[in-house]
Student: 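This structure is in C-alpha cells; I'll ask about it shortly.
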Number of protein chains: 2
Amino acid sequence: MRHKTDLGALLAHQPLFRSLDAAQLAVMTAAAQKISIEKNDFVFHRGDPCNGLHVVAVGHIKLAVPAANGQQKVIDFFGPGDAFGEAFMFLDKPYMVEAQALDDSLLIWIDKQDIYNAIDRDPSFARRMLAGLSLRLHTLVKDIETVNLQNATQRVVAYLLSQPREADETRFPFNKGLIASKLGLTPETLSRLLHQLAEAGLIEVSGKRVQIIDSAALEARMYVA
Amino acid sequence: MRHKTDLGALLAHQPLFRSLDAAQLAVMTAAAQKISIEKNDFVFHRGDPCNGLHVVAVGHIKLAVPAANGQQKVIDFFGPGDAFGEAFMFLDKPYMVEAQALDDSLLIWIDKQDIYNAIDRDPSFARRMLAGLSLRLHTLVKDIETVNLQNATQRVVAYLLSQPREADETRFPFNKGLIASKLGLTPETLSRLLHQLAEAGLIEVSGKRVQIIDSAALEARMYVA
DNA sequence: TGATTTACTTGACCGGGGTCAATCCCACCC
DNA sequence: GGGTGGGATTGACCCCGGTCAAGTAAATCA
C-alpha cells in the first residue's frame, strides 16, 4: 500500500533524511515505499537479496542470525528513526541476518539506486550514512567485548544499568528471551541471575518491570570477577 | 619522518584512494603522513582521541580490546591496503580499541578534515568508505555469529578452512595466542583442539605450518554438535 | 470467561572450556 | 656451543553456564 501524501512528511522526520533539500526529498519520496508489517512477520530472511534499506517509522524490529534448531542470536533491536540493512546494500551481498517485527510496524523502504543518487548529490547525506554505519560498528565492537570479557552476571548488570530509567525503574522492552539472546545467554540463566540479584537486595523484578534498589552495589558487580 | 615524494605513489596504490583524480590525490598527499612503527609498538591506545584514519602500507596491525589483567580480545588483523580506525573518526569518539604493530610497519595517516573534503568532492570516494565500513560490519556480525553459535572445535575448523592455502598447506600468520584470542579461545584450548584434530588424522601441525590431510572430514566437523 | 498456547521460572545434572601450574620447545643471542 | 626467555604444550582440576524436564504464570483467543 502506498500513500504518497504522508510519505513525504514521514521521511522528513527521519534523522537520515533531515539534511535533504526540498527537491531531493521529493525525489526520495517518490521512490520510497511504505511497508506495514504485522507483529512476528519477517521483513526479510537470511539469504534474501538486498536492493535497498529500511527505516523504522513506527514499531520495533529485531535483527538476528538464525541457527540450526530454531535457535537464533539477536544482533540488535531497531526502533523509530533507525535504519537497518544498509551494510548489506552497500556490499551487494544477500542478507546474512533476518529481520522480524516485534510489534505491528511501519517501515519505509528505499531503493539502493536512490540512496546512491542522494549520496552523489548531497555529501552531507553521505556523511550521515557514514556516521550511521560507524555507530553500528561501534555497538558491535562493544558487544564483542562484552561477550568475550565479561561473565554472565556482569553482562546482565551492564544491560540493566544501560537501559533508560525513571525513578530507578527500568523495563524490559521485549520478551526476556530476546534480551537473553542479545546478551548471549539462555533464558534460564537470565532468569536465575535476575533472581539472584533480587535476593541480594539489589533489584526487584516483577514481569518486565525492574526496580533498581542499590545501583551502587549493582555497579560494583560489574567489576568483580 | 615525511617523504612527500613517494607518499603520493604509495597513496595511489591504496584501494581507498584509487578513485581520486590527480588534483585530489595531490591534496591528499600533501595532508597525509607516513608513520613508521616498530614491531610491538602501539599506533594508539584505548581512550586516545581520533582525528584521522590509518592505512597500512607495509606490515600488519592488530586491533584489540584491552582487558583487566593484561588480557585482551583481538578484534581483527589488518594488512597492506587496509584502512582502520575510520569508524571512530566518523563518530568523533575516542578509540575504544588499541592498535599494535605485529611487524615493523609503515602506515599512512590522514587527517579527518581531509577525508571529509574528499567525500565532499568525490561521491565515489564516499561510496568506497561506505563499502569499507560495511565490509567491516559484515565481518563483525559473522564473528558474533561464530562465537555465539559454534563451539570451540567448529570455530577452529572454520578458521583453518577460511585461511588461504596452497597444496593443502596453511600457516598461522601470527602467534597462536593471537589467533586463539581472535577465535574467542584460550591458547591452551586452541592447542588441545589442534592436537585432537591431528590425532584424528585430519591435519598435521608443525609450528605455524598446518597440513590439511582430510578437508572433507574437516568440513564435516563444522556441522556436528 | 475459561481454554490453550506461549513465556517464564525452578530444579537437577552435566560437560565444555577456562584456570593454574609445570614442562617443553625453539628462536635468538652471546 | 650452551644459555635464556617467551611461546606452546600438556596435565589436573573445577566452575560457569548450558541442557533437559517439569511446573507455573501470563498472554491470547474463542
Side-chain angles (χ1 to χ4, degrees), chain A residues 38-41 62 67-74 100 102-104 146-159 171-199 203-210 221 224-225, chain B residues 39-40 62 67-74 100 102-104 146-157 159 171-199 203-210 221-222 224-225:
Chain A
E38 285 179 27
K39 180 169 180 172
N40 293 329
D41 280 356
K62 172 202 79 188
N69 39 352
Q71 298 276 78
Q72 59 172 23
K73 159 66 188 176
V74 172
Q100 188 177 18
L102 299 175
D103 309 313
D104 291 349
T146 302
V147 167
N148 282 279
L149 265 25
Q150 323 244 94
N151 66 25
T153 305
Q154 292 171 319
R155 295 193 300 237
V156 171
V157 170
Y159 175 81
R171 328 193 80 256
F172 290 106
F174 312 110
N175 286 348
K176 287 180 189 166
L178 292 181
I179 308 296
S181 172
K182 171 91 206 298
L183 296 176
L185 301 172
T186 57
E188 292 95 324
T189 299
L190 175 57
S191 181
R192 275 187 260 267
L193 292 179
L194 288 174
H195 180 82
Q196 179 180 317
L197 290 172
E199 272 212 328
I203 60 175
E204 276 173 14
V205 185
S206 88
K208 294 199 190 323
R209 182 184 272 109
V210 180
R221 296 252 168 165
V224 285
Chain B
K39 180 169 179 173
N40 293 330
K62 171 202 79 189
N69 38 352
Q71 299 275 79
Q72 59 171 22
K73 159 66 187 173
V74 172
Q100 190 177 16
L102 299 176
D103 310 313
D104 292 351
T146 302
V147 168
N148 282 279
L149 264 26
Q150 323 243 92
N151 67 24
T153 305
Q154 292 172 318
R155 281 181 266 167
V156 171
V157 170
Y159 174 81
R171 328 192 81 257
F172 291 108
F174 314 110
N175 286 347
K176 288 180 189 165
L178 292 181
I179 308 297
S181 172
K182 171 88 208 297
L183 295 177
L185 301 173
T186 58
E188 293 94 325
T189 299
L190 175 58
S191 181
R192 275 187 259 267
L193 293 179
L194 288 174
H195 180 83
Q196 180 179 317
L197 290 172
E199 272 213 329
I203 60 174
E204 276 172 14
V205 185
S206 87
K208 294 200 191 323
R209 182 184 272 109
V210 180
R221 295 253 168 161
M222 291 185 53
V224 284

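Side-chain atoms are counted along with the backbone in the values below, which use heavy atoms only and exclude waters and symmetry mates.
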Student: With distance as the sole test, does A:D103 use its side chain to make a donor-acceptor pair with the main-chain N or O of A:K39 at under 3.5 Å?
Tutor: no
Student: Is a donor on one side and an acceptor on the other found under 3.5 Å between the side chain of A:N175 and the backbone of A:G177?
Tutor: no
Student: Could you pull out all residues at least two apart from A:S181 that satisfy side chain to side chain donor-acceptor pair (under 3.5 Å)?
Tutor: none
Student: Could you tell me how far apart B:N148 (CG) and D:dG17 (P) are, to the nearest whole angstrom?
Tutor: 14 Å
Student: Between B:Q196 (CD) and C:dG15 (P), how many Å, whole number?
Tutor: 16 Å
Student: Please report the distance, rounded to the nearest Å, between CZ in A:R209 and C1' in C:dC8.
Tutor: 17 Å
Student: Please find the pair of heavy atoms, one from A:F172 and one from A:G207, that lie closest to each other, and give the distance.
Tutor: CD1-O, 4.3 Å
Student: If you check every side-chain atom of A:K39, which of D:dT10, D:dT28, C:dC8 has the closest atom?
Tutor: D:dT28
Student: For the backbone of A:A68 and the side chain of A:Q71, can you confirm whether one donor and one acceptor N or O come within less than 3.5 Å of each other?
Tutor: no
Student: Just by protein heavy atoms under 4.0 Å, how would nucleotides 16-21 of chain C read 5' to 3' in B, S and -?
Tutor: -SSBBB
Student: Rounded to the nearest 0.5 Å, how far does OG1 of B:T189 lie from CG of B:L183?
Tutor: 11.0 Å
Student: Check the distance between C:dA7's P and A:K176's NZ and give it to me in whole angstrom.
Tutor: 13 Å
Student: To the nearest Å, how far apart are A:F174 CZ and D:dA27 C1'?
Tutor: 18 Å
